[in-house]
Amino acid sequence: MQGISTLRRLFFSSTFIRIASAITTLFGISIFVFLVLRVIPGNTITGAFGIETGALNPQQIAELRHYYGIDQPMIMQYFSWISSFLSGNFGYSYATGRSVFALTKVALPVTIELAFIGTILGVIMGIAIGMFSARKPGSFRDFGGQLFGLLALAIPGFVLSTAIVTIMANKFHYFPNSLEYMAPWKDPWMNFQQMMFPGLVLGIAVAAPVMRTTRSALLETIDKDFVRTALGKGVPARKVQFKHVLRNSLIPIVTMTGIQFGYLLGGAVIVEKIFAMPGMGRQVLEAITRREYATVQSSVMVFAIMFVTINILTDLVYRRVDPRIK
Amino acid sequence: MAKKKEVSQRGAIHYYLQSTSGIVGAVLLLFMIVVSICAAMGWLPHNPLDQNVDNLLHAPSSKFWFGTDDFGRDVFSRTLDGMRRSLTVSITAVSLAAIVGITLGILGGYLGKWFDMVITRVSDVFFAFPAILLALAIVASLGNAWYETSLAIAIVYTPIFIRVARGPVLSVKEMDYIKVSRILGFSSPRILIKHILPNVFAPIVVQIALSLSWAILTESGLSFLGLGTQPPNASLGLMVSDAQPLAAFAWWTLVFPSLFITIVVVGLNLVGDGLRDALDPARRSS
């Protein structure tokens with residue numbers, strides 16, 4: 001009896017429901033990714049043979065179609081793709097002569113590291129400037145903070161990156177990204193230098209919404225009775241600022257950070273290209289320009305899985321931070 | 001009835017004009033729209049495509065206000081023409097996304113049941129991609145003519161409008177006056193248009209301004225990556241990309257297109273803030 005009720009509780013627990021719905025979403029994503037890349041004019045054969053496709057006779061084309069499995073009905077193609085994807089077979093990249101899984105294994109850690117550095121920098125800058133702004137709403141410093149938030153939102157990452165690259169490389173003759181990429185376990189110092197600028201660009205993009213959220217959440221909490229009580233009974237202002245106000249404003253900040261972390265994966269596509277980082281973004285982009293659809297398909301799928309995972313994690317952290325949500 | 005409506009609308013404009021950010025945003029946006037219309041009418045000092053070998057990488061002067069690029073093309077004319085192209089693509093994309101998204105969102109929220117479930121599920125799928133990546137994938141399969149870029153951006157932003165429209169409908173449809181309308185035998189279309197649509201109006205107007213700013217960033221991002229507007233046509237993203245090797249000794253090739261993107265996005269965000277304050281009575285206190 002007890003076992004059944006535990007099982008039932010597990011089944012109806014919000015975490016379980018959240019994960020189950022994420023899995024259905026991923027299933028939908030896989031269908032979408034599959035279909036989008038089927039609409040593309042041309043196919044794997046034109047992709048692999050390029051202009052030479054014209055020289056193939058119908059017999060050869062039929063054989064190639066059979067070889068690539070594109071003579072099968074769509075539904076069969078989908079299942080053959082998704083089952084091999086799930087078993088770790090992401091397809092084969094003709095240009096590099098390596099399996100997409102092997103490429104992803106190298107590229108994914110780069111993007112994840114970049115995303116983490118960007119998020120951490122963004123959260124630090126965002127919360128700091130948000131607190132700085134909220135201290136005296138309507139003042140000159142508040143205006144400065146808000147202006148930062150607005151510009152960080154409006155200056156595109158590629159403009160910021162191009163400006164940084166131009167200034168660093170030409171005025172200071174310092175551009176660590178022109179050297180070969182170093183993994184953190186090979187050369188941590190080099191890795192840090194290479195991650196610094198792209199991380200900063202992504203961080204600024206994250207800082208803008210985090211700053212806005214922090215500012216409005218703080219201003220809302222400052223007016224609450226418990227803050228006035230704490231100040232009234234003589235708790236030092238600095239302590240109230242961090243322990244009472246900031247702590248109670250964390251929920252919207254955490255949510256906003258989670259959302260931004262996802263968008264940052266998109267920003268990585270552009271930043272990785274400019275800073276020559278061999279991450280997932282560059283992998284997708286190069287695959288698109290080379291028309292290697294197996295690579296695009298699997299890489300986009302990996303992006304979506306990361307994104308959905310981050311959303312679940314945000315949800316879990318959210319529950320942690322706010323005990324009221326059960 | 002008609003008189004009351006007029007008063008409330010005048011109220012919204014009145015409140016909008018009280019917000020500094022709203023006015024600044026409107027001025028910036030208006031400037032960009034005027035500039036784009038000039039470009040569309042061909043009122044430019046030079047042809048944006050004309051190459052001039054005698055004036056390669058000319059610094060800003062009275063003849064070339066923003067200087068010239070490495071083909072001797074006038075950066076001022078190209079920036080204006082790029083702004084026109086960005087705005088055209090973004091406005092088309094957001095209009096499409098808004099029309100489809102609002103219709104689906106309101107219908108989903110109002111009808112509920114399986115229809116709502118399908119719509120929510122499908123938008124969840126689209127929400128599971130970073131915007132630029134989704135746009136990239138769609139552009140890769142559609143192509144990069146301007147209407148294809150528009151369509152890709154529209155697909156990316158439709159789910160946001162679905163969500164924004166659906167939320168208020170869910171809460172409004174349980175209210176007594178809707179229930180009464182239904183009991184009185186009003187038809188569903190009448191209830192939807194006369195009683196539910198006005199309630200989703202405010203959040204949607206704000207969302208349109210914000211989505212336009214994101215659409216401009218996405219469009220210029222795609223062009224920067226070489227997947228949007230194709231050369232020799234001018235596009236702000238493409239101009240920044242072309243400026244990469246030149247910026248060190250010809251700053252004007254990078255600065256002016258970047259400035260224009262930033263100004264239009266700042267303008268749209270300020271307009272969004274102003275609209276939010278003007279349309280939300282709860283925020284009018286200050």
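Sequence lines set the chain letters: A, B, ... in the order given, protein chains first and strands last, and positions in each chain run from 1.
- Enclosure of atom CZ in A/F116 is not indicated, since only 12 or fewer non-hydrogen atoms of other residues, nucleotides or ligands lie within 6.0 angstrom.
- The minimum heavy-atom distance between B/A128 and A/T25, with the atom names listed, is CB-CG2, 4.3 Å.
- When all heavy atoms are compared, the tightest approach of A/A154 to B/V266 is CB-CG2, 3.4 Å.
- Taking CE from A/M306 and CZ from B/F129, the interatomic distance works out to 12.0 Å, rounded to the nearest 0.5 Å.
- Ranked by heavy-atom pairs under 4.5 Å with chain B, the list A/A304, A/A163, A/S161 is led by A/A304.
- Annotation: maximal heavy-atom pairing with chain A below 4.5 Å, among B/L217, B/V255, B/L259, B/V264, occurs at B/L217.
- For A/F143, the CZ atom counts as loosely surrounded, since its 6.0 Å shell holds 12 or fewer non-hydrogen atoms of other residues, nucleotides or ligands.
- The nearest pair of heavy atoms linking B/R121 to A/S21 is NH2-CB, 3.5 Å.
- Of all non-hydrogen atoms in A/T166 and B/Q244, the two that sit nearest each other are OG1-O, 4.4 Å.
- Neither the backbone nor the side chain of A/V296 has a heavy atom closer than 4.5 Å to any heavy atom of chain B.
- Closest heavy-atom contact between A/V36 and B/A137: CG1-O, 3.7 Å.
- Between chain B and the options A/L160, A/L285, A/V284, A/L151, heavy-atom pairs under 4.5 Å are most frequent for A/L285.
- Contact annotation for B/I216: neither backbone nor side-chain heavy atoms come within less than 4.5 Å of a heavy atom of chain A.
- Between B/P130 and A/L264 there is no side-chain heavy-atom pair separated by less than 4.5 Å.
- Counting heavy atoms from C-beta on, the side chains of B/F127 and A/N311 never come closer than 4.5 Å.
- The contact between B/L136 and chain A is made by backbone and side chain atoms together, counting heavy-atom distances below 4.5 Å.
- The contact between B/S258 and chain A is made by backbone and side chain atoms together, counting heavy-atom distances below 4.5 Å.
- B/L133 is not listed as a side-chain neighbour of A/M280, based on a closest heavy-atom distance of 4.5 Å or more.
- For B/S220, the parts sitting under 4.5 Å from any heavy atom of chain A are the backbone and the side chain alike.
- The distance from atom CG of B/L225 to atom OG1 of A/T289, rounded to the nearest 0.5 Å, is 9.5 Å.
- Of the listed residues A/L265, A/V308, A/I270, the one with more heavy-atom pairs under 4.5 angstrom with chain B than any other is A/I270.
- Crowding of B/Y16 atom OH: a count of heavy atoms from other residues, nucleotides or ligands under 6.0 Å exceeding 12.
- Among all heavy-atom pairs drawn from A/P156 and B/I261, the shortest one is CG-CG2, 3.7 Å.
- Crowding of B/Q230 atom CD: a count of heavy atoms from other residues, nucleotides or ligands under 6.0 Å exceeding 12.
- Heavy-atom distances place both the backbone and the side chain of A/L153 under 4.5 Å from chain B.
- Using a 4.5 Å cut-off between heavy atoms, A/T24 contacts chain B through its side chain alone, with no backbone atom that close.
- Neither the backbone nor the side chain of A/V165 has a heavy atom closer than 4.5 Å to any heavy atom of chain B.
- Both the backbone and the side chain of A/I29 come within contact range of chain B, with heavy atoms under 4.5 Å apart.
- With a threshold of 4.5 angstrom between heavy atoms, B/L134 approaches chain A through side-chain atoms but not through N, CA, C or O.
- Ring planes of A/F32 and B/F126: perpendicular class, angle over 60° (limits at 30 and 60°).
- Most heavy-atom pairs under 4.5 Å with chain A: of the set B/T262, B/N269, B/L268, B/I132, this distinction falls to B/T262.
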